[in-house]
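Heads up: the structure comes next, in structure tokens.
Because the structure is a prediction, the values reported are computed rather than measured. Indexing begins at 1, ligand by ligand and atom by atom, following the structure's order. Computed from heavy atoms alone, side chains included, the values below leave out hydrogens, waters and symmetry copies.
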Amino acid sequence: MDRQPELTGKIMKLKKERNAVILAHNYQLGEIQDIADFVGDSLDLSQKAAKTDAAVIVFCGVHFMAETASILCPDKTVLLPDEHAGCPMANMITAPQLRDRKKEYPGAPVVCYINSSAAVKAESDICCTSANALGVVESINAGEIIFVPDQYLGHYVSTKTSKKLILWPGFCPTHARIMPENIIKLRHQFPEAKVVVHPECRPDVIALADEVLSTSGMIKFAGREDVNEVIVGTEMGIIHRLNKENPGKKFIPVSEQAICPNMKLITLEKVLWSLEEMSPKVKVAEKVRVKAKAAVDRMLAVGRSA
Ligand code: 13P
Ligand code: SF4
């Protein structure tokens with residue numbers, strides 16, 4: 001029996017009673033995207049969290065995203081329907097490791113990718129997402145910048161700026177599965193298709209792309225009138241939204257192995273359970289939050305650049 005309509009009905013009812021908003025990342029399962037109030041990339045979701053007047057934010061994404069919502073909205077209850085939904089890249093650097101790096105490069109400002117813990121954000125001058133990394137780097141009045149934790153995003157930005165970026169060896173295991181051979185093969189099969197890839201991809205993959213975009217950047221690109229066929233170099237979950245918003249167009253995932261297991265931990269059952277129990281909550285300790293918020297606010301002031 002298909003339990004989806006029943007679960008959806010219960011979630012909608014409870015969401016209203018709790019005065020909750022459901023925010024979902026573009027990589028979430030289709031059924032989660034379909035019940036969300038808003039679906040977006042990391043920057044969209046931070047902007048939405050900052051502005052919502054709901055009392056409860058149900059974050060359908062991974063831990064650092066829920067933490068960012070908590071950093072921005074300390075008075076709201078932030079729920080992450082599965083507390084194990086983490087981001088391996090965010091776990092590739094800790095606050096003590098970043099403090100050591102800062103000692104190695106005294107005076108160099110720190111840009112941290114939003115895929116990082118609140119403690120790392122608290123040690124940073126400004127955050128960025130894949131939608132504004134170049135704009136954020138360019139906004140800084142310094143020639144040498146520490147960039148953590150994504151070495152590939154950092155490398156991509158360094159090819160677009162004259163500033164020197166000191167990189168950290170972090171990476172996204174899901175995007176690292178996308179190989180140049182995947183793109184070369186699909187380009188032969190679909191010669192008319194445009195190739196879009198996420199900047200978390202390896203440099204040899206980025207070198208083969210027509211466009212390097214955040215997930216919402218890809219959604220916008222796909223909606224263009226002159227775009228009909230796209231080879232999509234990012235996590236598979238985005239294909240649901242691309243198809244839904246662009247009937248008649250063709251979207252080809254670059255690799256069926258590009259699945260983030262953490263993003264897929266969020267299910268309709270867990271969303272319902274989370275609203276029923278008002279758990280698991282994500283709350284950032286006030287001392288860390290205040291410092292991390294300064295870095296997130298500076299990023300929000302820069303806005304979107306890609
Ligand atoms: P964006 O949706 O911000 O492009 O981020 C991709 C990602 O990997 C989030 O974890
Ligand atoms: Fe982290 Fe990569 Fe999953 Fe995004 S896709 S949450 S960067 S592991």
What is the closest protein heavy atom to [atom], and at what distance does it sit?
atom	value
atom 8 (O) of ligand 1	Glu200 OE2, 3.0 Å
atom 3 (O) of ligand 1	Ser42 OG, 2.8 Å
atom 10 (O) of ligand 1	Asn115 ND2, 3.2 Å
atom 8 (S) of ligand 2	Pro88 CD, 3.4 Å
atom 2 (Fe) of ligand 2	Cys172 SG, 2.3 Å

Would a 4.5 Å heavy-atom cut-off, applied to side chains only, mark [X] and [Y] as touching?
X	Y	result
Thr234	Tyr27	yes
Ser139	Met299	no
Leu242	Val230	no
Glu235	His198	no
Val62	Met65	yes
Leu186	Gln189	yes

Do any of the N/O/S atoms of Cys260, backbone or side chain, fall under 2.8 Å from atom 3 (Fe) of ligand 2? yes
Under 3.5 Å, side chain of Lys121 to main-chain N/O of Ile71, donor-acceptor pair present? no
Quick check against the 3.5 Å criterion: does Asn115 have a side-chain atom that pairs as donor or acceptor with the backbone of Ala90? no
Within the 4.0 Å heavy-atom shell around [X], which atoms of ligand 1 are there?
X	answer
Ser130	1 (P), 3 (O), 4 (O)
Ser214	4 (O)
His198	1 (P), 4 (O), 5 (O), 6 (C)
Met65	9 (C), 10 (O)
Tyr27	6 (C), 7 (C), 8 (O)

Is the shortest distance from a heavy atom of Asn115 to ligand 2 less than 4.0 Å? yes
Yes or no: does Glu235 have any heavy atom under 4.0 Å from an atom of ligand 2? no
In Tyr113, Tyr156, Tyr152, the residue satisfying side chain to side chain donor-acceptor pair (under 3.5 Å) with Glu200 is Tyr113
Under 4.0 Å to a heavy atom of Glu200 - the qualifying atoms of ligand 2, by number: 2 (Fe), 7 (S)
Could you list the atoms of ligand 2 found under 4.0 angstrom from a heavy atom of Tyr27? 5 (S)
Please state whether Met89 comes within less than 4.0 angstrom of ligand 1, counting heavy atoms only. no
Glu235 touching ligand 1 at heavy-atom level, < 4.0 angstrom: no
Between Glu67 and Ser117, do the side chains contain a donor N or O and an acceptor N or O under 3.5 Å apart? no
Please determine if atom 2 (Fe) of ligand 2 has an N/O/S atom from Cys87 lying under 2.8 Å away. no
Given Lys10, which of Met12, Lys13, Glu6 fulfils the side-chain contact (heavy atoms from CB on, under 4.5 Å) condition? Glu6
Nitrogen or oxygen of His25 less than 3.5 angstrom from that of ligand 1: yes
Is Thr129 touching ligand 1 with its side chain, its backbone, both, or neither, if touching means heavy atoms under 4.0 Å apart? neither
Mind checking the CD1-CG spacing from Ile114 to Leu43? Nearest 0.5 Å is all I need. 7.5 Å
